Amino acid sequence: MGGQAKGKKHGKARKRRPGRAGGNDFSDLPAQDKMKMKMQNRAKKKTAEKYTVHQLLEKTEEYLDNFNYEMAQLFCQRALDMDPTNLDILDMMGNICMELGHAEKAKQVFLKAVELCPDKGHAKYMCLGQIHCKEEALHYFNKGIEIMLSAYQSQPALAKAAGFPDEIEVTTKDIAAAFCSVAEIYFTDLCMEEEAGEKCKEILQKALEYDPNSSEALQLMASYLFSMDQPQEGKEYLMKSLASWLPSMQKKEAEMQGDGTEEPTESALPPYESRITTAKLLTEAEEFELASEVLEALLEEDDEVVQVWYLLGWVCYLQAKAPDEDEAFKDSARTYLRKAKKLYHKLKSDDSQLGEHVEQLLSELGGEEALGDSDAEDGALDDVEDDFLESSEDEAMES
């Protein structure tokens, strides 16, 4: 009996030690992964002992202010480990993931926030709309707008009662931008849908009702009108959009109002890609000088975008076609188009239509026989690039 009892004891499954249950059981993992998980858990425990959630979020904000999204994600994740249902932390983590290009992770985070609080907070829905396409994107954008409008309508009384009239959750600019996001879906993913054009126009009109001076809504309306073969009307909307942020247009607007001595106000610039579209529309409207102003400013921000160099070459080429123009525009067109060609190959661009047009224009302009793809071309183009980079390099050395 004693032997049998002893045998039974050894036959029983060994009980897990406290704290080893669930996600901390690494017995089935490879040795390397097991060590990694143990180190992560140790780090989490050490973080929880050393920092509060508030301190972790302060560090997250600090790294965000310095555009160090990798370190911001690390501290934000630690905060989320300690408080996994905190909606503010989920929102912060989702936005960091989007900045890092981690769309799937961002999607999971925002969907968790939706699960926890489906009827409050529009931002998570707007972000989910950016991640998705077509009807799914529309679903999330429309839900976000629904929540925004509800919050906006209830805001004035609540803000006044609380004694903080300036602290409002949703502005008319936010609502206009949200409607613009929906309009862009009809411009792109759903452009072939029945009545897409009419729906787009209706949505943009709503955007402009909430913010008549929205540069984004005005430019999208201009795009819509150009696509509907209404160039004059489109140009009017485009000029209204430019007046809110382009320096030369701001100055002109101030002079027209009899206040030419005042410096143009600084406005937040539209996104880089949006300003490329601005340049395209200006070129279509034959406003070549304004198009060049926009494109040259884009080069100062980032001089390794093929499309910007190509568009500058195209603008100069069109100007060279005008009667009584000298050779200067042709020379400029060659310079910009050669740089576009060089970058096209360097970056291995997949925009074959752009590449073919660059080759066609260079062939028509002539002067390529001695250059081609040779080292001589590279040397000449490096000199061009230096002209644009010299001032920014000097600033970097001095800082």
Side-chain angles (χ1 to χ4, degrees), residues 64-69 95-96 98-101 123 126-127 130 171-184 187-188 204 207-208 210-224 226 234-257 259 262-285 287-312 314-315 336 343 387-393 395-396 399:
L64 286 175
D65 289 342
N66 292 309
F67 304 102
N68 189 339
Y69 296 110
N95 282 293
I96 291 171
M98 289 189 73
E99 289 288 350
L100 290 169
M126 303 310 294
C127 291
Q130 292 177 44
T171 67
T172 53
K173 291 183 183 295
D174 296 329
I175 297 171
F179 277 120
C180 287
S181 296
V182 175
E184 285 180 339
F187 262 121
T188 54
L204 288 172
L208 290 169
Y210 281 96
D211 185 4
N213 297 316
S214 165
S215 61
E216 183 182 12
L218 289 166
Q219 179 165 301
L220 283 170
M221 183 62 86
S223 293
Y224 165 77
F226 276 113
K235 184 175 177 179
E236 289 174 8
Y237 277 95
L238 182 59
M239 292 305 171
K240 286 180 186 176
S241 174
L242 284 170
S244 67
W245 61 268
L246 191 66
S248 65
M249 290 293 291
Q250 287 181 321
K251 185 176 180 181
K252 183 179 178 181
E253 189 75 11
E255 289 173 351
M256 288 176 65
Q257 294 175 1
D259 194 13
E262 188 175 334
E263 288 295 317
T265 57
E266 290 186 9
S267 301
L269 289 174
Y272 197 96
E273 287 296 326
S274 176
R275 282 177 283 154
I276 290 179
T277 302
T278 305
K280 290 179 181 178
L281 292 171
L282 286 168
T283 304
E284 189 172 347
E287 292 286 345
F288 300 129
E289 290 185 11
L290 288 173
S292 295
E293 181 183 349
V294 172
L295 291 166
E296 286 166 5
L298 290 171
L299 280 186
E300 290 177 8
E301 292 179 39
D302 185 350
D303 65 343
E304 293 229 330
V305 180
V306 178
Q307 197 174 28
V308 176
W309 289 98
Y310 157 71
L311 287 171
L312 269 168
W314 175 235
V315 168
Y336 291 130
L343 267 181
D387 292 339
F388 286 92
L389 294 178
E390 185 176 355
S391 60
S392 58
E393 286 176 352
E395 290 174 6
S399 61

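Nothing here was measured: the structure is a model prediction, and the numbers come from that model. Basis for what follows: all heavy atoms, side chains included, without hydrogens, waters or symmetry-related copies.
Using a 4.5 Å heavy-atom cutoff, the side chains of Glu273 and Thr277 are not in contact. Residues Glu293 and Leu282 fail the side-chain proximity criterion, which asks for heavy atoms closer than 4.5 Å. Here the side chains of Asn95 and Leu64 are not in contact, with every heavy-atom distance at 4.5 Å or above. Side chains of Tyr237 and Leu208 form a contact here, defined as non-hydrogen atoms less than 4.5 Å apart. Looking at Ser292 and Val315, their side chains come closer than 4.5 Å, going by heavy atoms from C-beta outward. The shortest side-chain heavy-atom distance between Tyr224 and Phe187 falls under the 4.5 Å cut-off. Residues Asp211 and Ile175 are not in side-chain contact: their nearest non-hydrogen atoms beyond the backbone lie 4.5 Å or more apart. Side-chain contact check for Met221 versus Lys240: every heavy-atom pair is 4.5 Å or farther apart.
In this structure, Leu238 CG and Leu220 CG are separated by 11.0 Å, a value rounded to the nearest 0.5 Å. Separation of atoms SG (Cys180) and NZ (Lys173) is listed at 11.5 Å; rounding is to 0.5 Å. If you take OG on Ser223 and CD on Glu184, they are separated by 9.0 Å, rounding to the nearest 0.5 Å.
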Determine whether Thr278 and Gln219 satisfy the following criterion, side-chain hydrogen bond (donor to acceptor under 3.5 Å, both in side chains), listing intermediate values before the conclusion. CA-CA 7 Å; Thr278 305; Gln219 179 165 301; 2.4 Å; yes
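In this structure, the side chain to side chain contact (heavy atoms under 4.5 Å, CB included) partners of Asp302, at least two apart in sequence or on a different chain, are Tyr272, Glu304, Val305. Applying the ring-ring contact (aromatic ring centres under 6.0 Å, His included) test to Tyr310 and every residue at least two apart in sequence or in another chain returns His357.
Across every non-hydrogen atom of Gly234 and Phe226, the tightest pair is C-CE1, 3.9 Å. Of all the heavy atoms in Leu269 and Trp245, the pair that sits closest is CD2-CE3, 3.6 Å. What you find for Ile276 and Gln307 is that their closest heavy atoms are CG2-OE1, 3.5 Å. Closest of all the heavy-atom pairs between Asp303 and Trp309 is O-NE1, 2.9 Å.
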